[in-house]
Engineer: 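The structure follows.
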Amino acid sequence: MNKPLFHFALAVLVAIALPVLVPSKTLCSEVLIFAIAVAGCNLLLGYTGLLSFGQGIFFGLGSYTLGLTLLHSSLPLVVALALASIVGGLVAVVIGGLAIRRQGVYFVMLTLALAQLFYFLAYSLSGITGGDNGLLGIPRPGVGPFDLNGALAFYVFTAIVFLLIFAALQRVVVSTFGRTLLAIRDNGERAQAIGFPVRLFKIVAFAISGAVTGLAGGLHAALIGIAPLSSIDYHLSESVLIMTVIGGTGNLFGSVLGAGFYVIVSSVLSAIWPRWMLLLGALLIALTLFMQKGLWGLIEAAVSRIRDGGPRRSRSAIRPARGEKP
Amino acid sequence: MTLALLATKKLGVNYGGFNALSDVELTVAPNTIHSVVGPNGAGKTTLFQALTGRIKPSSGQIMFNGDDITSLTGDRRVRLGLARSFQVTSLFHSLSARENLRLAAQGRFPWRALKIWQGAESNEQALAIADDTLAKVDLADVAARPAEELSHGEQRRLEVGMAIASCPRLILLDEPTSGMGIDDIGAMKKLIADLGRDHTVLLIEHNMEIVMNLSDRVTVMQSGRILVEGTPSEIRDNEDVRRAYLGSMITGGRA
Ligand SMILES: Nc1ncnc2c1ncn2[C@@H]1O[C@H](COP(=O)(O)OP(=O)(O)OP(=O)(O)O)[C@@H](O)[C@H]1O
Ligand SMILES: [Mg+2]
């Protein structure tokens, strides 16, 4: 149930099943793009214990970077995406480096303040970012011989990128580095005491998270053809965090579930009932009260129930997360 | 006299106006078990915090193996061979006992842990140390269990194991027997005695039986200062010490 290969197989299955089940291929792409961003957030929240409201910064900068690159040069899409990722990663080093100087609530507040700062920067520098309107008319060049202008073609491209990132992150979380992040999440003080420069490890985690999120932002701009101001909005950070929690922290496939659930449900509900956010709020309350391992924890519990033929739930699925220093 | 492994000069720690430590001159000779005792609030843990770089001393110097380490960060000190266990158990609760120790061994070479592509199981050296330490602290049977599921006695032994696994030259143990039942204490006493054979141990301990039987030197602290230092028998017969303890604790453990 927790073998990396099994989780990767599940991710492949999702990538194949999505366009079959969901009519809008643009929505399908959006799910996987957010799955990438959510996995990046999960690396910080679930694996390092850092609740960052700065994810929107990296996403937005990725969008702008891709937009500016494709509007002002004839560089290939893959290069533009790489640039979006690099910018996200570099800025994350700075943001992370600043924010981790404080712990707990103060860390969260710092990421929040920095998110606001970048939002207003993007809003004010309208000569570069297009301000309120965003960057419009971003072209979508093909990759090699493949034309990506069809919604399905772009979905296939997105799915490949998604699976590559998913596999890479899976590698990261089982690596020596990833296991050290878990140690830092469990007990930063002890990690420091046994010799780990905890701040450096947190900054590297930020860099990876920022690079992954920047890539997602770039993909999103390529998908919709604009880099809107909303892509660097505080609301984006919030949505990504909510998806991470809904899916389940500390599990990468949970992030795919969280993104899928949020993106699809919000698109369906917002069309029929404008106050759908109320339901989302209720769901979040239920999750935080009863199911801290999110959707993935629910599935895990269900599977172990079926397997054991009894009501016994896996210990980890019901154990409340320890509220030590985040 | 041989060169001291650890020496503090006029060490002082100030917590917002309150002198938790003043003028502490402590010298620890290599290959000895040196105990620090004293009533609650005497400043014993504070001394450890200063030695390991957890807090900045407000005055004085710390010399380790002849070098001034006063301004070094905690992780630098670990690399020089200084390791500690905590009075209040401090483990990676969701990780297995073995992985806790593997990480502690890895802390000596933290840069190797920056590899983001290599699996944690590839750190053969650190794993070998972890397995070795599991045997020393008698936790081989529960190696795969998450730390949070271990019994209190097992967690205390793992806590000490965390210090052992970094292969230190000086090992600081802060009340290793705290909260332990009588059965577990015997095992811990044996573990400390074993450690003393090939490590230098600085031990904070309230259990006088252990202190008097295992120590080469004993330092008694009171109100942030060193009251007296000597061999266990000198300490037992000291009038000031009897007064500091109101005659209560120091009587136990005549070997
Ligand atoms: N972080 C802190 N801030 C302020 N005062 C502190 C802090 N830590 C300890 N103290 C105070 O410093 C004094 C020494 O505390 P310390 O923990 O070093 O004592 P100790 O000798 O280890 O006692 P015990 O035997 O109870 O563990 C106490 O009066 C304590 O209240
Ligand atoms: Mg203490």
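Protein chains get the first letters and strands the later ones, always in sequence-line order, with residue 1 at the start of each.
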Engineer: Nearest 0.5 Å, please: how far is CD1 in A:I194 from CG in B:N100?
Structural biologist: 8.0 Å

Engineer: B:L103 and side-chain contact (heavy atoms from CB on, under 4.5 Å): which single residue from A:T180, A:D186, A:T176 fits?
Structural biologist: A:T180

Engineer: Among B:A120, B:A126, B:A163, B:P146, which has the most heavy-atom pairs under 4.5 Å with chain A?
Structural biologist: B:A120

Engineer: Check each atom of B:R102 against the heavy atoms of chain A and say whether the ones under 4.5 Å are side chain, backbone, both or neither.
Structural biologist: side chain

Engineer: Checking A:L200 against chain B: side chain, backbone, both or neither under 4.5 Å from a heavy atom?
Structural biologist: side chain

Engineer: Counting only non-hydrogen atoms closer than 4.5 Å, does B:A83 touch chain A with its backbone (N, CA, C, O), its side chain (CB onward), both, or neither?
Structural biologist: neither

Engineer: Given that the side chain runs from C-beta out, which part of B:S166 has a heavy atom under 4.5 Å from chain A: side chain, backbone, both or neither?
Structural biologist: neither

Engineer: Look at B:E99, B:R84, B:R76, B:R112 and state which one has the largest set of heavy-atom pairs under 4.5 Å with chain A.
Structural biologist: B:E99

Engineer: Please classify the contact of A:A168 with chain B as side chain, backbone, both or neither, using a heavy-atom distance under 4.5 Å.
Structural biologist: neither

Engineer: Check whether B:R108 gets within reach of chain A through its side chain, its backbone, both or neither, counting any heavy atom under 4.5 Å.
Structural biologist: backbone

Engineer: Which heavy atom of B:S94 sits nearest to which heavy atom of A:R185, and what is that distance?
Structural biologist: OG-NH2, 3.1 Å

Engineer: Of the backbone (N, CA, C, O) and the side chain (C-beta and beyond), which part of A:V174 lies under 4.5 Å from a heavy atom of chain B, both, or neither?
Structural biologist: backbone

Engineer: Atom OH of residue position B:Y15 - does it have more than 12 heavy atoms of other residues, nucleotides or ligands inside 6.0 Å?
Structural biologist: yes

Engineer: Is it true that A:R190 and B:E159 make a salt bridge, defined as a side-chain N closer than 4.0 Å to a carboxylate O?
Structural biologist: yes

Engineer: Do the non-hydrogen side-chain atoms of B:D75 and A:P197 ever get within less than 4.5 Å of each other?
Structural biologist: yes

Engineer: Say you draw a straight line from CZ of B:F109 to CZ of A:F196; how long is it, rounded to the nearest 0.5 Å?
Structural biologist: 11.0 Å

Engineer: Compare all side-chain heavy atoms of A:F201 with those of B:L114 and state whether any distance is below 4.5 angstrom.
Structural biologist: yes

Engineer: Around atom CZ of B:R79, are there more than 12 heavy atoms from other residues, nucleotides or ligands closer than 6.0 Å?
Structural biologist: yes

Engineer: Decide yes or no for B:T73 and A:Q192: does some side-chain heavy atom of the first lie under 4.5 Å from some side-chain heavy atom of the second?
Structural biologist: no

Engineer: Which bit of B:E121 is near chain A, if near means a heavy-atom gap under 4.5 Å: side chain, backbone, both or neither?
Structural biologist: neither

Engineer: Just wondering, are more than 12 heavy atoms of other shown residues or ligands nearer than 6.0 Å to CG in A:L289?
Structural biologist: yes

